[in-house]
Amino acid sequence: MRKILAIGLSMVMILSFTACGNTGKKTSKDNGKVLTVGFDAEYPPYGYMDQESGEYVGFDLDLAEKVCEMEGWELEKKPINWDTKDTELNSGSIDCIWNGFTINGRENDYEWSEPYINNTQVIVVADNSGIITLQDLKDKTVGVQAASAAEALFAEDGAQVELGKTFKALNPFSDYNTAFTELQSGSIDALAIDIGVAKYQLKERGEGFVILDEQLNSEQYGVGMKKGNQELCEIINKDLKKLNADGTVEELAKKYDIDPAMICIGE
């Protein structure tokens, strides 16, 4: 009898531990929800690693954190390679892409939040390059981030395809930190980049670079989710509107030196 009872108790313990071990990434102290955000860890001021704290920070990550606080969720910040973002999203390893993610040209590829930032694409050059206008980029080597909206501008159906045809070469890089190093060394002549990222890089690197007056295009950022995930989309939209109304979004924009005039929530 004792032997049977002992076996029974052992089975109960095994089943209990098994049940606990199967909860996976959806476990949190509040209501069981973990929001896993995929982001480029070298894309300041929207997502990057703070060198002093060693923590991932940025305007977009802070916004995601605020949404999670409102919903009682746990935020998981997952750095990804930008050119594999679709694989990460479709496999379920991330719930959304939230990192200076351009809606324009991708409208039908994702479930999008409402736009929250008006962005522009610009060209950065060395201040002694002699490049003043977009036409001066003829026969020059231009850098972009791989799989970025900037790269898409010069593709066959892109808004700046004709300009791209005048380049000597268009070189994609995995991240903009590497691209700026190549620009500084003279390996490339110019860099196509988002205005917010450009301003951050110029501020951090000091003198030596300028942003051309002519812009490549204008676009909007949104949070991209897997097609059909309307439930998460509606929650994020609702919370972004509340965070905008109470001044939190503008406060975060100022914290990361983003022009508050770029905020477009509810427009």
Side-chain angles (χ1 to χ4, degrees), residues 35-48 56-68 75-122 144-153 155 158-159 172-177 179 192-200 216-230 232-237 239-240 243-244 249 252-253 256 258-259 262-265 267:
L35 180 68
T36 304
V37 171
F39 70 103
D40 178 352
E42 298 188 57
Y43 204 71
Y46 298 100
Y48 62 101
Y56 290 120
V57 298
F59 176 75
D60 283 348
L61 293 180
D62 281 15
L63 266 184
E65 187 73 68
K66 293 295 184 181
V67 168
C68 286
L75 175 63
E76 180 184 354
K77 306 171 184 178
K78 184 172 182 180
I80 59 174
N81 292 324
W82 198 244
D83 56 355
T84 64
K85 58 187 178 295
D86 290 344
T87 301
E88 297 278 359
L89 186 63
N90 292 329
S91 69
S93 64
I94 60 175
D95 296 308
C96 63
I97 303 166
W98 197 334
N99 190 212
F101 196 19
T102 301
I103 298 173
N104 309 73
R106 303 182 175 116
E107 289 89 347
N108 299 320
D109 298 334
Y110 306 88
E111 199 70 45
W112 285 105
S113 72
E114 294 183 10
Y116 63 92
I117 286 285
N118 285 323
N119 180 56
T120 55
Q121 296 278 351
V122 296
V144 292
Q145 184 179 33
S148 68
E151 184 178 33
L153 283 176
F173 295 92
S174 61
D175 61 83
Y176 277 118
N177 284 332
I193 187 172
D194 292 14
I195 184 68
V197 181
K199 287 183 176 180
Y200 180 93
L216 293 170
N217 81 323
S218 59
E219 61 188 25
Q220 293 182 312
Y221 287 165
V223 183
M225 290 145 280
K226 191 173 182 179
K227 197 74 173 175
N229 193 354
Q230 295 180 352
L232 178 58
C233 186
E234 289 173 2
I235 292 172
I236 289 176
N237 281 334
D239 290 347
L240 285 180
L243 291 168
N244 187 53
V249 179
L252 291 178
Y256 289 102
I258 297 170
D259 185 354
M262 295 171 64
I263 300 169
C264 62
I265 298 172
E267 291 183 359

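All of these numbers come straight from a predicted model, not from anything done at the bench. Atom set for the values below is all heavy atoms of this structure, side chains included, hydrogens, waters and symmetry mates excluded.
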Check: Between the main-chain N or O of Gly100 and the side-chain N or O of Asp60, is there a donor-acceptor pair closer than 3.5 Å?
Finding: yes

Item checked: Residue among Asn81, Thr87, Ile80 satisfying side-chain contact (heavy atoms from CB on, under 4.5 Å) with Asp83 -> Asn81

Checklist line | Sidechain-backbone polar pair: Asp95 side chain, Thr36 backbone, donor-acceptor under 3.5 Å | finding: yes

Next item on the list: Kindly give the heavy-atom pair with the smallest separation between Trp98 and Leu63, and that separation in Å.
Entry: CZ2-CB, 3.8 Å

Check: What heavy-atom pair brings Phe39 and Gly47 nearest, and what distance separates the two atoms?
Finding: CD1-CA, 4.2 Å

Next item on the list: Verify side chain to side chain contact (heavy atoms under 4.5 Å, CB included) between Trp112 and Val223, making sure each step is shown before the conclusion.
Entry: CA-CA 6 Å; Trp112 285 105; Val223 183; 5.9 Å; no

Notebook entry, point to check: Once you round to the nearest 0.5 Å, how far does CD of Glu219 lie from CG of Asn119?
Noted result: 4.5 Å

Item checked: Minimum heavy-atom distance between Ser148 and Arg106, given as atom pair plus value -> C-NH2, 3.9 Å

Item checked: Pairwise distance CG(Asp259) to CG(Asn118) - rounded to 0.5 angstrom -> 10.5 Å

Next item on the list: Taking all non-hydrogen atoms of both residues into account, name the closest pair between Leu216 and Ala192 and its distance.
Entry: CD1-CB, 3.9 Å

Next item on the list: Check whether any side-chain heavy atom of Tyr48 sits under 4.5 Å from a side-chain heavy atom of Val57, and report yes or no.
Entry: yes

Next item on the list: Quickly, which of Phe101, Phe59, Tyr46 forms a side-chain contact (heavy atoms from CB on, under 4.5 Å) with Tyr221? Name it, please.
Entry: Tyr46

Next item on the list: Keeping the roles fixed (side chain from Glu267, backbone from Ile265), state whether a donor-acceptor pair exists under 3.5 Å.
Entry: no

Note to self: Could you report the tightest heavy-atom contact between Ile236 and Ser113, atom names first, then the distance?
What the structure shows: CG2-CB, 4.3 Å

Check: Is it true that a side-chain atom of Glu111 and a backbone atom of Lys226 form a donor plus acceptor pair closer than 3.5 Å?
Finding: no

Note to self: Measuring from atom NZ of Lys66 to atom CG of Leu75, what distance do you get when rounded to the nearest 0.5 angstrom?
What the structure shows: 12.0 Å

Item checked: Audit row: Asp62, Tyr256, side-chain hydrogen bond (donor to acceptor under 3.5 Å, both in side chains) steps and yes/no -> CA-CA 10 Å; Asp62 281 15; Tyr256 289 102; 2.9 Å; yes

Checklist line | Between SG on residue Cys68 and CG on residue Asp239, distance to nearest 0.5 Å | finding: 9.0 Å

Check: Which heavy atom in Val197 sits nearest to a heavy atom in Ile193, and how many Å separate them?
Finding: CG1-CD1, 3.7 Å

Notebook entry, point to check: With no hydrogens and no angle check, do the side chains of Tyr110 and Asp86 hold a donor and an acceptor under 3.5 Å apart?
Noted result: yes

Check: CE/Met225 to CD1/Ile94 distance, rounded to the nearest 0.5 angstrom?
Finding: 11.5 Å

Check: When Asp194 is tested against each of Gln121, Lys199, Gln145 for side chain to side chain donor-acceptor pair (under 3.5 Å), which residue passes?
Finding: Gln121

Note to self: Under a 3.5 Å cutoff, is there a donor and acceptor pairing between the side chains of Tyr116 and Asn244?
What the structure shows: no

Notebook entry, point to check: To the nearest 0.5 Å, how far apart are CH2 in Trp82 and CD in Glu151?
Noted result: 13.0 Å

